[in-house]
Colleague: 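Once you've had a glance at the structure underneath, I'll fire off some questions.
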Number of protein chains: 2
Amino acid sequence: MTDTAKPRREQIHDVASRLFSERGYHATSMRDLAGELGMQGGSLYAHISGKEELLIEIVRGASQQFDDALFSLRDLDLPAEQKLREAMFRHIRVVADNMDSATVFFHEWKHLSAEPYARVVAWRDTIDTFYRELVAQGVQDGSFRSDLDIRATATLILSSVNWTYTWYRPGGSLSPRDVAEQFADMLLRGLRADGPEAGEAP
Amino acid sequence: MTDTAKPRREQIHDVASRLFSERGYHATSMRDLAGELGMQGGSLYAHISGKEELLIEIVRGASQQFDDALFSLRDLDLPAEQKLREAMFRHIRVVADNMDSATVFFHEWKHLSAEPYARVVAWRDTIDTFYRELVAQGVQDGSFRSDLDIRATATLILSSVNWTYTWYRPGGSLSPRDVAEQFADMLLRGLRADGPEAGEAP
DNA sequence: CCTACCGATCGGTAGG
DNA sequence: CCTACCGATCGGTAGG
């Protein structure tokens with residue numbers, strides 16, 4: 001109606017994200033994609049160089065969003081607990097605000113060819129490290145339990161935030177902040193009732 | 001060498017699980033599958049009726065394993081905390097002992113046709129319910145915090161056990177029991193140091 | 001379990 | 001951005 005239309009390339013990426021997330025990369029044909037954009041299959045190649053380029057850019061875009069959200073936290077001088085809450089919130093928000101590309105990111109990166117594949121593997125490592133450092137900081141300053149296994153703790157945190165792509169529904173009653181606060185509360189305080197000290201061994 | 005060979009059908013399912021988990025369902029051709037079994041593409045159809053039958057059986061087999069592991073716990077008279085520990089252990093063990101079919105289960109079920117697809121959706125609901133009931137029991141008997149959100153708690157637990165399919169390595173140093181105990185300890189006790197009561201709000 | 005084949009569809013290109 | 005097309009490959013079948 002007006003000239004608020006997105007650039008064609010961006011439209012293609014958006015639709016590709018949706019189709020790849022719904023049907024998977026290999027089950028989505030270039031003709032499916034073109035059809036949703038109201039063009040013929042061959043016409044796509046006036047805008048992009050090939051199918052894998054789309055996957056590469058979707059995956060790169062998703063990892064970039066995580067980087068932007070998390071790495072600015074790295075050198076922030078916050079107590080470990082606050083930093084963890086904020087990291088979980090931002091992490092979940094990236095997933096929630098980009099359900100399609102996040103789903104593609106988690107599900108379809110295995111179909112990348114060698115070089116972009118290796119980049120994803122390396123990227124995963126940087127995120128692991130980010131959360132491990134965050135946990136280590138909390139252990140060192142005494143706010144987290146000293147008997148925590150750093151790797152396992154980081155993995156547990158990552159499980160909680162990453163798995164959201166499987167169940168979160170953007171239009172629902174839970175905001176990313178709600179989810180993050182619920183999860184962080186449970187992780188930090190534990191599920192056990194306090195007070196009379198629930199029995200350890202029966 | 002001896003006659004310990006598995007039935008051909010079982011071999012086909014095992015190889016299909018591996019290929020589907022490594023490459024995805026649609027990126028695995030029947031000729032790929034036949035080749036790994038030392039036969040021609042068309043020969044597969046002497047043993048199976050079609051490609052989707054393989055996916056259906058892999059998915060059905062995986063959900064059956066979870067059912068067998070978890071539902072026997074349902075009416076067991078255990079304290080909630082012990083039941084949670086045992087459920088998490090069994091859940092993680094199913095994933096760890098069946099990395100291929102578990103990966104197919106979590107990644108490829110979307111490619112099922114309407115009827116088996118609906119069965120998976122319904123199944124997921126029974127597992128959700130299982131964990132919610134477990135949490136609710138713990139809240140009722142006073143061993144879990146009374147302010148827990150049942151749904152969120154069950155989701156957090158499920159995140160931790162399901163996500164293992166993405167990082168667990170069966171030959172490594174961590175047994176399913178190790179992982180389950182680490183995760184359950186953290187979830188139950190929380191990450192915070194006890195004692196001087198780490199500050200809630202700064 | 002093989003050979004030989006089917007129609008359908010794939011990603012991508014040429015030329016306009 | 002379209003038409004028309006390319007070789008390759010797909011899942012599956014017939015007949016043995």
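None of these values were measured; they are calculated from a predicted model. Per chain, numbering begins at 1; letters A, B, ... match sequence-line order.
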Colleague: Under 4.0 Å between a Lys/Arg side-chain N and an Asp/Glu carboxylate O for A/Glu36 and A/Arg31?
Modeller: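 Answer for the salt bridge query: no.
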Colleague: Heavy-atom nearest nucleotide on DNA chain C for A/Ser49 versus A/Ala27: which residue maps closer to 5'?
Modeller: A/Ala27
Colleague: Find the partner of D/dG15: check Watson-Crick (N1-N3 plus N6-O4 or O6-N4) and G-U wobble (N1-O2, O6-N3) distances, both under 3.5 Å, and reply none if neither fits.
Modeller: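 When the pairing criteria are applied, C/dC2 turns out to be the nucleotide that pairs with D/dG15.
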Colleague: Taking the inter-plane angle between the rings of A/His111 and A/Tyr25 on a 0 to 90° scale, is it parallel (under 30°), tilted (30 to 60°) or perpendicular (over 60°)?
Modeller: parallel
Colleague: To the nearest Å, how far apart are A/Met39 CE and C/dG12 P?
Modeller: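 The answer, rounded to whole Å, is 15 Å.
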Colleague: Taking OP1 and OP2 of D/dG12, is either one under 4.0 Å from a side-chain nitrogen or oxygen of B/Arg31?
Modeller: no
Colleague: Send over the distance from A/Gln40 CD to C/dG16 C1', rounded to a whole Å.
Modeller: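 Answer to the nearest Å: 15 Å.
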Colleague: C/dT9 phosphate, OP1 or OP2: any side-chain N/O from A/Ser29 under 4.0 angstrom?
Modeller: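 So the side-chain polar atoms of A/Ser29 never come under 4.0 Å of the phosphate oxygens OP1 or OP2 of C/dT9.
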Colleague: Between B/Glu108 and B/Arg23, is the closest basic N to carboxylate O distance under 4.0 Å?
Modeller: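 Looking at B/Glu108 together with B/Arg23, the answer is no, because their closest N to O distance does not fall below 4.0 Å.
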Colleague: With under 30° as parallel and over 60° as perpendicular, where do the rings of B/Trp163 and A/Tyr165 fit, or are they tilted in between?
Modeller: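 Correct class here is perpendicular.
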Colleague: Rounded to whole Å, how long is the line connecting atom CG of B/Leu19 with atom P of D/dG11?
Modeller: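 To the nearest whole Å, that distance equals 12 Å.
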Colleague: Near DNA chain C, counting only heavy atoms under 4.0 Å, which residues of residues 50-58 of chain B show up?
Modeller: none
Colleague: May I have the distance from B/His47 (atom NE2) to D/dT13 (atom P), rounded to whole angstrom?
Modeller: 16 Å
Colleague: Atom CE of B/Met30 to atom C1' of D/dT9: distance rounded to whole Å?
Modeller: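 To the nearest whole Å, that distance equals 14 Å.
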Colleague: Counting distance only, does the side-chain N/O of A/Asp128 pair as donor-acceptor with the main-chain N or O of A/Asp125 below 3.5 Å?
Modeller: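 No.
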Colleague: Between B/His107 and A/His107, how do the two ring planes meet: parallel, tilted or perpendicular, split at 30° and 60°?
Modeller: tilted
Colleague: Counting only Watson-Crick or G-U wobble pairs whose two distances fall under 3.5 Å, which nucleotide matches D/dC10?
Modeller: C/dG7
Colleague: Could you state the atom-to-atom distance from OH of A/Tyr25 to C1' of C/dG11 in whole Å?
Modeller: 9 Å
Colleague: Rounded to the nearest angstrom, tell me the gap between atom CG in B/Leu44 and atom P in D/dG12.
Modeller: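 Checked: the CG to P distance equals 10 Å.
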Colleague: In whole angstroms, how far is the P atom of D/dG11 from the NE2 atom of A/His26?
Modeller: 12 Å
Colleague: Given C/dG12, is OP1 or OP2 found less than 4.0 Å from the side-chain N or O atoms of A/Tyr45?
Modeller: yes
Colleague: With a 6.0 Å cut-off (strictly less than), is the heavy-atom count around CZ of B/Arg74, excluding the residue itself, greater than 12?
Modeller: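 Count over threshold, so yes.
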